[in-house]
2 protein chains.
Amino acid sequence: MARTPQDVTDAELALMHQLWDAGPLTIRQLTDALYPGGGPSQYATVQKLLERLEDKDYVLRDRRTNIHVFSATVDRDGLIGRRLQSIADKLCEGSLAPILSHLVKGNLSAKERLSLRKLIDELDDTPRR
Amino acid sequence: MARTPQDVTDAELALMHQLWDAGPLTIRQLTDALYPGGGPSQYATVQKLLERLEDKDYVLRDRRTNIHVFSATVDRDGLIGRRLQSIADKLCEGSLAPILSHLVKGNLSAKERLSLRKLIDELDDTPRR
DNA sequence: AGGATAGTAAGACAGTTTGTCTGATATGTC
DNA sequence: GACATATCAGACAAACTGTCTTACTATCCT
């Protein structure tokens, strides 16, 4: 059957957003932020979601401290990249070029075109990272 | 709980690819293409997938003919657009700009930069379509 | 006309995924 | 030692997704 699960689930994504915005956090901190006034059940939910994120290597758990601290191993831009590649794989035979051209052709104001051109100029100067 | 289902499923996407590449098709034609040598079960599977795609308005069913003919209502580029917007909504507060800059910054050869610049030039000439 | 053939229609079904929760067990503090 | 708070392990139901069965209808052929 081979279904393809989501890379990061909606509920998991909420945690990632928190970790991205507020740095390494504990389960307690995450629970308070995402389920204000939540009880032990919500705490456990956050814990389970973090466990799954850790399994998928989207999150790192620091076990040295007694109370574990979690941090994102993939940043926002990294996740954007993975999802873009996924679109490319499924719809563009793996190439990102059609996506880029879709975006450029799609909806780009004159101002955006200008800043985009400038961005390309910078890349010309900085040959390769 | 509110899980968000996929816009187009993997199995459904296979049908879309076929419809994009080979124009309007019947269930039989789709079955033969995707499940070569498939029996009535596979036929029914294709039928069910088409029914779901029709419900989601990704496919149009022509019922005038006795044997229904199916065609895509969203083209490849359209689906790319929807998925890009979905990424933007979940990761960039709805804006496509960060995605564009990700792609441009990411991995772009000198040649690609050149053709991209040319593409922008064309857009400057063709003010707004 | 009558039966084989092929189509549509409706829904059952199981395996996963995903969000949520419960209970058991440690660990540290006062 | 009691208590609050952690971790750990796993149960659970709802929904999603791919697949299949069955019933019914229309067409074609000799």
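Throughout, a chain's letter reflects where its sequence line sits, starting with A, and its residues are numbered from 1. Not measured: the values here are computed from a predicted model.
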Show every salt bridge (Lys or Arg N to Asp or Glu O under 4.0 Å) that has at least one partner inside [range], sequence neighbours left out.
range	result
residues 58-67 of chain B	B/Glu54-B/Arg61, B/Glu54-B/Arg63, B/Asp62-B/Arg64
residues 86-95 of chain A	A/Lys90-B/Asp10
residues 68-79 of chain B	B/Asp21-B/Arg76
residues 28-53 of chain A	A/Lys48-A/Glu51

Apply side-chain contact (heavy atoms from CB on, under 4.5 Å) to the pair A/Val59 and A/Thr73, showing each step before the final yes or no. CA-CA 5 Å; A/Val59 146; A/Thr73 60; 5.7 Å; no
N/O to N/O distances under 3.5 Å, protein versus nucleotides 21-24 of chain C:
residue	atom	partner	partner atom	Å
C/dC21	OP2	A/Gln42	NE2	3.1
C/dT22	OP2	A/Ser41	OG	3.0

Could you state the atom-to-atom distance from [atom1] of [X] to [atom2] of [N] in whole Å?
X	N	atom1	atom2	answer
B/His68	C/dT8	NE2	P	6 Å
A/Leu49	D/dC8	CG	C1'	16 Å
A/Glu51	D/dG10	CD	C1'	9 Å
B/Arg52	C/dG11	CZ	P	14 Å
A/Ile67	C/dA26	CD1	P	18 Å
B/Leu53	D/dT17	CG	P	11 Å
A/Glu12	C/dT17	CD	P	12 Å

Working to the nearest 0.5 angstrom, can you tell me the gap between [X] [atom1] and [Y] [atom2]?
X	Y	atom1	atom2	result
A/Leu84	B/Arg83	CG	CZ	12.5 Å
B/Leu19	B/Leu53	CG	CG	8.0 Å
B/Leu79	B/Leu13	CG	CG	6.5 Å
B/Leu34	B/Leu15	CG	CG	5.5 Å

Taking OP1 and OP2 of D/dT19, is either one under 4.0 Å from a side-chain nitrogen or oxygen of B/Tyr35?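 Affirmative; the distance criterion is met.
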Would you say D/dT19 has OP1 or OP2 under 4.0 Å from some side-chain N or O of B/Tyr43?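 It does not, given that no N or O in the side chain of B/Tyr43 lies less than 4.0 Å from OP1 or OP2 of D/dT19.
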Strictly by ring-ring contact (aromatic ring centres under 6.0 Å, His included), give each pair with a member in residues 17-50 of chain B just once, sequence neighbours left out.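 Pairs touching residues 17-50 of chain B that pass the test: B/His17-B/Trp20.
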Which pairs count as ring-ring contact (aromatic ring centres under 6.0 Å, His included) when at least one residue sits in residues 52-111 of chain A, sequence neighbours excluded?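 Residue pairs with at least one partner in residues 52-111 of chain A: there are none.
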Atom pairs under 3.5 Å: protein N/O with N/O of nucleotides 28-30 of chain C:
residue	atom	partner	partner atom	Å
C/dG28	OP1	A/Asn66	ND2	2.9

Write out a two-atom table: protein N or O, nucleotide N or O from nucleotides 2-4 of chain C, distance below 3.5 Å.
none

Are B/Leu100 and A/Leu100 packed together at the side-chain level, in the sense that at least one heavy-atom pair is separated by less than 4.5 angstrom?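 Contact flag for B/Leu100/A/Leu100 side chains = yes.
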For B/Lys105, all residues meeting salt bridge (charged side-chain N to carboxylate O under 4.0 Å, His left out), sequence neighbours excluded: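 With neighbours one apart ignored, the set is empty.
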Tell me which residues in residues 23-34 of chain A lie within less than 4.0 Å of DNA chain D, going by non-hydrogen atoms.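 Those residues are A/Ile27, A/Arg28.
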Please give me every residue in residues 54-64 of chain B whose heavy atoms get under 4.0 Å of an atom in DNA chain D, ordered by residue number.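 DNA chain D contact set from residues 54-64 of chain B: none.
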Keeping the roles fixed (side chain from B/Ser86, backbone from B/Arg82), state whether a donor-acceptor pair exists under 3.5 Å.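 Pair absent, no side-chain N/O of B/Ser86 close to backbone of B/Arg82.
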Is a side-chain donor or acceptor of A/Glu122 paired with a backbone partner of A/Leu119 at a separation under 3.5 angstrom?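 Looks like no, no N/O pair under 3.5 Å.
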Closest to side chain of B/Pro5, choosing from D/dC16, C/dT18, D/dT7: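 Taking heavy atoms from C-beta onward, the closest nucleotide is D/dC16.
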Do B/Arg3 side-chain and C/dT17 base share a donor-acceptor contact under 3.5 Å?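 Such a pair exists between side chain and base.
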Are B/Arg113 and A/Asp124 within salt-bridge range, i.e. N to O under 4.0 Å?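 Yes, this pair counts.
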